[in-house]
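Right, one structure below, let's go through it.
Chain naming here is simple, since letters A, B, ... match the order of the sequence lines and numbering starts at 1 in each.
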Amino acid sequence: MAERETPAATKSMDDIMALCKRRGFIYQASEIYGGINGFWDYGPLGAQLKKNLRDAWWNDVVMVPCGGRRGPTGEPVRMVPVDSCIIQHPRVWEASGHVEGFNDPMVDDRETKARYRADHLMGVFVVWEVPKHDAQKTGAELMSALATLVEPQSSSPYPEFMVVAPHAAEALSSLAADPKQIPRLKRAQPINAVRGDGAALALLHFGERAFVARVGPVDLALLGREPERFPAPVTGKKGVLTPPRAFNLMFKTYVGATATEDDVAYLRPETAQGIFTNFKNVVDTMRVKMPFGIAQMGKAFRNEVTPRNFTFRSREFEQMEIEFFCHPSEARAWYGFWRDWRMQWWESVGLKGENLVLREHATDELAHYAREGAGTSDIEYRFPFTAPGYGELEGVAHRTDFDLRRHQEYSGVKLDYFDAERGERGPSGQPRGERYLPHVIEPSAGLDRGVLALLCEAFTPDPARASGVFLRFRPRMAPIKAAVYPLVNREAMPEVAARLHADLVGRFGRDGFIEFDAKQTIGKRYARMDEAGCPFCFTVDGQSLQDMTVTVRDRDTQQQERIGLDAVPAFLADRLAR
RNA sequence: GCGGGAAUAGCUCAGCGGUAGAGCGCCAGCCUUCCAAGCUGGGGGUCGCGGGUUCGAAUCCCGUUUCCCGCUCCA
């Protein structure tokens, strides 16, 4: 299959979206009302395609963990599922870091179109002009004079300039390296280190004049009230900045009818936390033993700043997450195991070849919970809109014990695990046991992104065939499993075909649609199935009535073979497993 | 949030101040023995939405929504 693959860059996303609409895979949500940004609905074929991918994950991950293969410890992989609520106690999201991490206020420069994190705007507050005779002194020589200087608080609350940096120290060093960030500034010298209020002092030279300035965070409340009195970074121009605007990425709602601020709750931005909050319950009730995983699939919600690229960045989406708990000493081995096996799984559902890559994260792009861990990898697919780059399908992260530790801290409930098989051996030869907070490997996949990747991968333009395009789904993923057609709507053909159709629906109808259609020419019906991605069409023709055979038309090759009517179920059963 | 482009039938698009169109698809009938064949007929659009200009707006102007591209953002 891989050798006939169509490069992602040659596929048009517009064409894929049009096909998705035309064939009932994906519609824009609330379309008759003009649509709603960042939300998409699945049509009949899309719903079944999505279910097939979801079922494959559930079966291959939860019910037959890792397809039956053994983990790095040599034992079978143990896995149990949960299904937790979308709305959790608000403290869950404080513990997870989402309340803090999802609330970066941003400031826009209306003139230059630049956007800044408000807490990264460092103000430069001039507190003292250095007398001319002292202007050539170094920062160190000024230190004694500065000891008696006016308190920085007495200077104006409005900065003279603004510099973009995460904190004062970095602002100072970047100013020293590149004074052009402030108009007319010739030279900047740091004077002292960052103080308690997050600010530091610097000596700034403008031509012949020199000033001592305090560099530090600006008053965000004041910036919100009077943005016109704050200078923009780089240009120094006033009146062009917007007030800080909160980009709250969590969907807020209210529990109860009163809807006061005390009732605020959030729709989960990830399913993972529902696993961590149930960790103790699962350990206490399920006789699981380390190492083991808890899996969950379900909807999650993120108020994305810019939903874009079809369903790739939707505000409502479905996740398939595993939290795999293990002893800290085994985390590295399990991390590698999961990373490699998840990659193979995506290949098994049809994303083969150079469009699928495994990318290990560089240290500086790791999330807050993963810095101390064995690593983070992304399994990425080259979508037409990311080509030649890639978009994330699944992240595999070693989250250390970050989440359990935080939930233990915020809830006050002990979440450590007593491992009876570890620890020193006592006189009887029995291990004394070891109590520890497990480490976690998290393979977290996006179901909607997976569906989109399947669609993009399957989409195969072919000017030689009537439909101009066909969808080359793996039979296991295809929403329509087979079609049964009488070649013509005459003689006994429709009746024979209808019987075969009923038989196949009974055997395979739970896995996907089995089509029946007697209208129109056979070529037209084949072409429709090409566009819908149906892998096999069984046709009853004149010969069928003589010798009880049918033709099987293969979607990918357009070739036909003739098999016995009674051989069709076995033929399909064999192919649909692939 | 910003800048640019777009929105007319299920799809692809034409129409650009004077009665809303074509091709394909879809549905029905006829005909048809293997790849969107042919014939006949049919359904389907308040021209994204809301204002304004005009005797008259799909068409011009303003606003708005959605989609696409580029920024920006992305635990």
Taking atom [atom1] of [X] and atom [atom2] of [Y], what is their separation to the nearest 0.5 Å?
{"X": "A/Cys537", "Y": "A/Glu515", "atom1": "SG", "atom2": "CD", "result": "9.0 Å"}
{"X": "A/Phe385", "Y": "A/Met17", "atom1": "CZ", "atom2": "CE", "result": "10.0 Å"}
{"X": "A/Trp40", "Y": "A/Glu31", "atom1": "CH2", "atom2": "CD", "result": "8.5 Å"}

Would you kindly check whether a donor in the side chain of [X] faces an acceptor in the base of [N], or vice versa, at under 3.5 angstrom?
{"X": "A/Arg553", "N": "B/C34", "value": "no"}
{"X": "A/Arg313", "N": "B/C74", "value": "yes"}
{"X": "A/Tyr526", "N": "B/C34", "value": "yes"}

Calculate the interatomic distance between [X] atom [atom1] and [N] atom [atom2]; express it in whole Å.
{"X": "A/Phe538", "N": "B/U33", "atom1": "CZ", "atom2": "C1'", "value": "20 Å"}
{"X": "A/Glu491", "N": "B/U32", "atom1": "CD", "atom2": "P", "value": "11 Å"}
{"X": "A/Phe39", "N": "B/C67", "atom1": "CZ", "atom2": "P", "value": "10 Å"}
{"X": "A/Glu392", "N": "B/C73", "atom1": "CD", "atom2": "C1'", "value": "15 Å"}
{"X": "A/Glu31", "N": "B/A9", "atom1": "CD", "atom2": "P", "value": "11 Å"}
{"X": "A/Asn489", "N": "B/C30", "atom1": "CG", "atom2": "P", "value": "9 Å"}
{"X": "A/Arg490", "N": "B/C31", "atom1": "CZ", "atom2": "P", "value": "8 Å"}
{"X": "A/Gln559", "N": "B/C34", "atom1": "CD", "atom2": "C1'", "value": "12 Å"}

Taking only the side-chain nitrogens and oxygens of [X], find out if one of them lies under 4.0 Å from OP1 or OP2 of [N].
{"X": "A/Thr521", "N": "B/U32", "answer": "no"}
{"X": "A/Lys519", "N": "B/G29", "answer": "yes"}
{"X": "A/Lys21", "N": "B/C11", "answer": "yes"}

Within the 4.0 Å heavy-atom criterion, would you say [X] contacts the bases, only the backbone, or no part of the nucleic acid?
{"X": "A/Arg525", "answer": "nothing"}
{"X": "A/Asp541", "answer": "base"}
{"X": "A/Gln28", "answer": "sugar-phosphate"}
{"X": "A/Gly395", "answer": "nothing"}
{"X": "A/Asn309", "answer": "sugar-phosphate"}
{"X": "A/Glu531", "answer": "base"}
{"X": "A/Gln520", "answer": "sugar-phosphate"}
{"X": "A/Met13", "answer": "nothing"}
{"X": "A/Phe310", "answer": "sugar-phosphate"}

[atom1] gap between [N] and [M], integer Å:
{"N": "B/G63", "M": "B/A37", "atom1": "P", "result": "48 Å"}
{"N": "B/C27", "M": "B/U64", "atom1": "C1'", "result": "37 Å"}
{"N": "B/G18", "M": "B/A58", "atom1": "P", "result": "10 Å"}
{"N": "B/C69", "M": "B/U12", "atom1": "P", "result": "16 Å"}
{"N": "B/U54", "M": "B/G17", "atom1": "C1'", "result": "9 Å"}
{"N": "B/U8", "M": "B/U59", "atom1": "P", "result": "13 Å"}
{"N": "B/G15", "M": "B/A9", "atom1": "C1'", "result": "14 Å"}
{"N": "B/U40", "M": "B/C49", "atom1": "C1'", "result": "40 Å"}

Does NZ or CZ of [X] lie under 6.0 Å from the centre of the six-membered ring of [Y], at an angle within 45° of the ring axis?
{"X": "A/Arg315", "Y": "A/Phe301", "result": "no"}
{"X": "A/Arg553", "Y": "A/Tyr526", "result": "yes"}
{"X": "A/Arg465", "Y": "A/Phe470", "result": "yes"}

Item to complete: Would you mind telling me which residue lines up with the more 5' stretch of RNA chain B, A/Ile522 or A/Asp517, judged by nearest nucleotide?
Response: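 Checking each residue's closest nucleotide, the 5'-ward one belongs to A/Asp517.
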
Worksheet item: Hey, which of these two, A/Arg22 or A/Pro307, hits RNA chain B nearer its 5' end, going by closest nucleotide?
Response: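 The residue mapped nearer the 5' terminus is A/Arg22.
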
Worksheet item: For the side chain of A/Glu380 and the backbone of A/Tyr390, is there at least one donor-acceptor N/O pair under 3.5 Å apart?
Response: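 Judged by distance alone, no pair lies under 3.5 Å.
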
Practice prompt. Look only at the side chain of A/Arg268 and the backbone of A/Ser84, and say whether a donor-acceptor pair between them is shorter than 3.5 Å.
Written response: yes

Pairing check on [N]: which nucleotide meets the Watson-Crick or G-U wobble criteria with it, both distances under 3.5 Å?
{"N": "B/U46", "value": "none"}
{"N": "B/C60", "value": "B/G52"}
{"N": "B/U66", "value": "B/A6"}
{"N": "B/C71", "value": "B/G1"}
{"N": "B/A36", "value": "none"}

Worksheet item: Is it true that atom CZ of A/Arg575 has more than 12 heavy atoms of other residues, nucleotides or ligands lying nearer than 6.0 Å?
Response: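 Counting other residues, nucleotides and ligands, CZ of A/Arg575 exceeds 12 neighbours.
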
Looking only at side-chain atoms of [X], point me to the closest of [options].
{"X": "A/His98", "options": "B/C35, B/A75, B/C69", "value": "B/A75"}
{"X": "A/Asn37", "options": "B/A37, B/C67, B/A36", "value": "B/C67"}
{"X": "A/Arg308", "options": "B/C67, B/C34, B/C69", "value": "B/C69"}

